[in-house]
Amino acid sequence: MTLILDPDDPAGWREAPPASAPPSTAAPSGTMPPAGGDRLTDGLNPEQREAVEYRGPALLIVAGAGSGKTRVLTHRIASLIQSREAWPSQILAITFTNKAAAEMRERVEALLGEAAGGMWISTFHSACVRILRREAESLGLSSTFTIYDSADTRTVLKRIIKELDADTMGFTPASAQAKISRLKNELADVETYARNANTNDPNEVMFVEIFRQYTRRLREASALDFDDLIAETVYLFRAFPKVASLYQRRFRHILVDEYQDTNHAQYALIRELTQSIPADRVHEMEGHGVNVAALTDASGGIPGASLTVVGDSDQSIYAFRGADIRNIVEFERDFPGAKVVLLEQNYRSTQNILSAANAVISNNFDRKDKKLWTAVGDGELITGYTGYTAHDEAQFVADEIESLHRAGIAYRDIAVFYRTNAQTRALEEIFVRSALPYRVVGGTKFYERAEIKDAMAYLISVANPLDELALRRILNTPKRGIGPATETALASFAEQNGISFREAMRNADALGLGPKVTGAILALARVLDEAAAMLVPSSRGVAEGTNEGAKPVSDVLVFLLESSGLIDALRNSRDPQDETRAENVEELVAQTRDFDRENPGATLVDFLTQVSLVAAADEIDDASGTVSLMTLHTAKGLEYHAVFLTGLEEGLLPHQMSASEPGGPAEERRLFYVGITRARKRLFLSLAMSRAQFGEVAVAMPSRYLQEIPEGLIDWRQSPGMATSRGGTQPRALNARRPGGAWGTRDRDLEKFSVLKSAAPKAEWANRVTGTVRDNGDLTLEAGDRIRHVDFGEGRVTQVTGEGTKRIAHVAFDTAGQKKLLIKIAPIEKL
DNA sequence: TCTACTATATTTTTT
DNA sequence: ATATAGTAGA
């Protein structure tokens, strides 16, 4: 990821003095498009062409999966620039991930045949950080503010809840975090919320207090959480219209991708940015040296920026974090006169895959009917497989990947998706055993490891001395004999004297602590001060506003690691895991070196920002020859030659937790839809009949969504409807209508016409069916019995544990060794 | 103040 | 099953 430098910084015109250096751009006008300008629409279908060429205040592109929306967006941007309708610096494009942003920039520049500096192509969060760092002063923030991730937020909330004894009222850090996040996404700040709160409800009073304290602590630490990044930018624009006007003037074309997943705060931000600027303020701006030439309309004001949004409500999968599907559904009402373009032709998948996707998503009511189609032909059937256990399922995936690979498909063209991160375990175990090159995208991230967080906390403490959370984290890491008692003493000393925690550390000798502890605190304070000194630019750098003369991030990190003793503590530790931790820290150093090399002149704060805002999908390295493992959420926007959708079971997809949420099952179905539509040529659907959860094995039932795929599209290698308890290889179609068979005889086509009839029985139907699948039923085993297993051969039961459906036989097989088997569904027979 | 043991929750998805 | 957090003892 590269930092984007900005040659058209709208600096200079804030609240007071006139600009020292007027911005340099004005919209070019009256220039003819260069010859060959229509090259940009070559090879586009009529709808895509219209989406590229339409000019107007608002454009909604309803883009089905794989309909070439990225192509349309890049061509649209390139066309605006090439026709001289806009300078690159007048374009703001919002993407879902940093990786998508980098790709879009590359593709636009490839189309133009030249670098297009000054374009803002980034995520909502990155763009907001950029604006906030620049305007921090207006909000009373330090421009080096820290960005708190979810773990940081939870730590702060945990302390607050403990201090307030709020846990006795049922508050947990997670619940408070979720509620605060939800409020911030709705742009409700503490005081607004407090005013409308019911003061008779002790629960609510307590929550207000938690929220208040949380807000105060973040402010004192000069820190913002993820949700603040968006919300504070909106507040900034609303409280300082003049600041807002600078950005409104600058961005003439705003494009937002994945619009169906924007939340209210993001929507409000877009609204602010697309406001027009009244004539009197334009005059005022002009008086301060802001170039407004060629931007004004007949009234003397500057019209609002043109807005293009791209989205697909069928792919909305982030309602849980506040995404509001209404943003896209009601776009035409919000932006009167908006043009709508529909892209339905799919250029990614085979017709079989699309038919499955269409069939599944058509079960969501309350949606505009939309059917993806392709001209490439049916392609191969979807492959289905039902394993006995998650490991069995994983083995199937591994085997199929190997056979794809032998057939010439590169590993990097293959992906495995799942609903929850916990599902990676079985997959990884089998992949390692099969020596398959793979990479887990997202999940427990590198930057979430404790040792990396420690090292990062050192950097954060240097960049933002007010950040108490980071300071407290490193206070006794590595161990230097500073315990909770000392920490409290320092904190109260700071509070009594009205100084920061960091300042209190510098004055530790005034606390009357033991000489050893005092020495340790002073030494740490000195190390941090020295590191801070390394970051000060030379006087020339200061004068020019550059970072010239400051030491690179990697140097500062190495200095901190060595002089704090952190790296030595890890290297000299007796704990064997610390060796790996030391290597991880080395890896972090290597990453800072890369950062320094790729971003000359960038600051420590730039590095910290970049680290805070990496998305899971940003980690995917296209050049690496590995299979990618990721959650269905991470998979959004990606495509692969072959896709494996695993764990298609009730309770997992749809997830248990979604049942209680309104719209949950529909959102889970969209998630399934997103997964299906990632596949270009091959799609594999798999599930397990039993799955370990919380260390306990439980019987799993096929996902209700599997039945929504028309029969004939799936070739079941081993189907859930397979009733034989041995043999195990006889495939039988999942949806085959057999009188009295496992899947029932109900006519689903008829059901569609009756909402009342279909809703409840449908869920039941799936369950009834799966309850009878591969049921050994009344098979009773006890120690000493001999059994035969399909794969493991004969063996002797040594022990039986568990109750009901969870009864487990411990079996010593004659050749395969010790195994634990779920009696109900294991492919075994009693001898 | 540090280490070792025990109890407990953890598994929804993410910037 | 496993990771973390809290408690008790050195």
Side-chain angles (χ1 to χ4, degrees), chain A residues 94-101 122-129 147-151 153-155 158 162 172-174 177-178 181 184-185 224-231 258 261-263 265-266 316-323 390 417-426 429 441-445 447-448 450 476 478-487 514 516-517 520 574-575 577 609-618 630-636 647 651-661 664 667-668 670-672 674-675 691-698 820:
Chain A
I94 302 288
T95 57
F96 204 65
T97 64
N98 295 295
K99 184 162 177 275
S122 71
T123 63
F124 268 110
H125 289 86
S126 300
C128 287
V129 168
I147 300 163
Y148 277 6
D149 64 16
S150 314
T153 296
R154 214 169 314 126
T155 307
K158 201 153 130 201
K162 198 170 177 187
T172 64
Q177 181 177 29
S181 176
K184 286 185 177 181
N185 285 333
L224 298 177
D225 64 27
F226 281 133
D227 304 314
D228 285 332
L229 296 178
I230 315 289
E258 308 284 8
D261 281 325
T262 51
N263 60 35
Q266 291 165 336
S316 164
I317 54 173
Y318 280 103
F320 71 92
R321 69 171 200 211
F417 302 155
Y418 37 81
R419 178 65 176 83
T420 70
N421 282 305
Q423 290 167 249
T424 53
R425 187 154 287 157
E429 276 175 31
V441 181
T444 39
K445 287 186 223 122
Y447 288 98
E448 281 169 13
N476 201 30
K479 306 261 184 297
R480 34 172 90 88
I482 307 175
T486 314
E487 191 181 318
K516 213 171 157 187
V517 182
R574 286 183 300 115
D575 186 341
Q577 287 193 311
T609 303
Q610 191 190 88
V611 170
S612 300
L613 299 181
V614 284
D618 295 338
M630 69 190 83
T631 65
L632 285 164
H633 283 89
T634 304
K636 186 169 83 149
L652 219 43
L653 190 80
H655 195 275
Q656 197 76 53
M657 288 288 137
S658 70
S660 54
E661 279 163 33
E667 174 144 326
E668 299 282 308
R670 288 194 292 269
L671 206 44
F672 187 41
V674 166
R691 193 167 289 271
Q693 209 175 10
F694 299 122
E696 277 216 322
V697 189
K820 283 188 248 179

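Throughout, a chain's letter reflects where its sequence line sits, starting with A, and its residues are numbered from 1. Only heavy atoms go into these numbers, but all of them, side chains included; no hydrogens, no water, no symmetry mates.
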Within a strict 4.5 Å, meaning less than it, do heavy atoms of the [X] and [Y] side chains meet?
X: A:Leu671; Y: A:His655; answer: no
X: A:Phe320; Y: A:His633; answer: yes
X: A:Leu632; Y: A:Leu653; answer: yes
X: A:Phe96; Y: A:Thr123; answer: no
X: A:Tyr318; Y: A:Glu258; answer: no
X: A:Arg480; Y: A:Lys516; answer: no
X: A:Leu229; Y: A:Leu613; answer: yes

Select one nucleotide: of [options], the one nearest the side-chain heavy atoms of [X].
X: A:Lys479; options: B:dT14, B:dC2, B:dT12; result: B:dC2
X: A:Gln693; options: B:dT11, B:dT13, B:dT3; result: B:dT11
X: A:Ala422; options: B:dT11, B:dT14, B:dT13; result: B:dT11
X: A:Thr634; options: B:dT14, B:dT13, B:dT15; result: B:dT14
X: A:Arg419; options: B:dT15, B:dT12, B:dT11; result: B:dT12

Quick check: on DNA chain B, is the nucleotide nearest A:Gln656 upstream (toward 5') of the one nearest A:Ser150, or the reverse? Name the residue that is more 5'.
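By nearest-heavy-atom nucleotide position, the 5'-most residue is A:Gln656.
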Residue closer to the 5' end of DNA chain B, A:Thr123 versus A:Gly481 (nearest nucleotide):
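Nearest nucleotide further toward 5': that of A:Gly481.
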Quick one: is [X] getting a side-chain N or O under 4.0 Å of the [N] phosphate, OP1 or OP2?
X: A:Asn421; N: B:dT13; result: yes
X: A:Ser612; N: B:dT15; result: no
X: A:Asn476; N: B:dC2; result: yes
X: A:Thr97; N: B:dT15; result: no
X: A:Thr486; N: B:dT1; result: yes

Expressed in angstrom and rounded to an integer, what is the separation of [X] atom [atom1] from [N] atom [atom2]?
X: A:Phe96; N: B:dT14; atom1: CZ; atom2: P; answer: 10 Å
X: A:Asn263; N: B:dT14; atom1: CG; atom2: C1'; answer: 12 Å
X: A:Leu632; N: B:dT11; atom1: CG; atom2: P; answer: 18 Å
X: A:Tyr418; N: B:dT14; atom1: OH; atom2: P; answer: 9 Å
X: A:Phe320; N: B:dT11; atom1: CZ; atom2: P; answer: 14 Å
X: A:Arg425; N: B:dT11; atom1: CZ; atom2: P; answer: 12 Å
X: A:Ile94; N: B:dT15; atom1: CD1; atom2: C1'; answer: 13 Å
X: A:Arg154; N: B:dT14; atom1: CZ; atom2: C1'; answer: 12 Å

How far does the C1' atom of B:dT13 sit from the matching atom of C:dT4, given to the nearest Å?
22 Å
If you measure from the ring centre of A:Tyr318 to the centre of the six-membered ring in the base of B:dT14, is it under 5.5 Å, with the planes under 30° apart?
no
Expected output: side-chain A:Glu667 to main-chain A:Ala319 donor-acceptor under 3.5 Å:
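Judged by distance alone, yes, a pair lies under 3.5 Å.
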Positional range of nucleotides in DNA chain C within the contact set of chain A, heavy-atom, under 4.0 Å:
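The protein-touched segment is C:dA1 to C:dA5.
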Could you tell me whether [X] contacts a base, only the sugar-phosphate backbone, or nothing, with contacts defined as non-hydrogen atoms closer than 4.0 Å?
X: A:Lys158; answer: sugar-phosphate
X: A:Ala485; answer: sugar-phosphate
X: A:Asp225; answer: nothing

So for A:His655 and B:dT12, does any side-chain atom that can act as donor or acceptor lie under 3.5 Å from a complementary atom in the base?
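Answer is no: no donor-acceptor pair is held.
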Among all residues two or more places apart in sequence or in another chain, which pass the side-chain hydrogen bond (donor to acceptor under 3.5 Å, both in side chains) test with A:Asp261?
A:Lys636
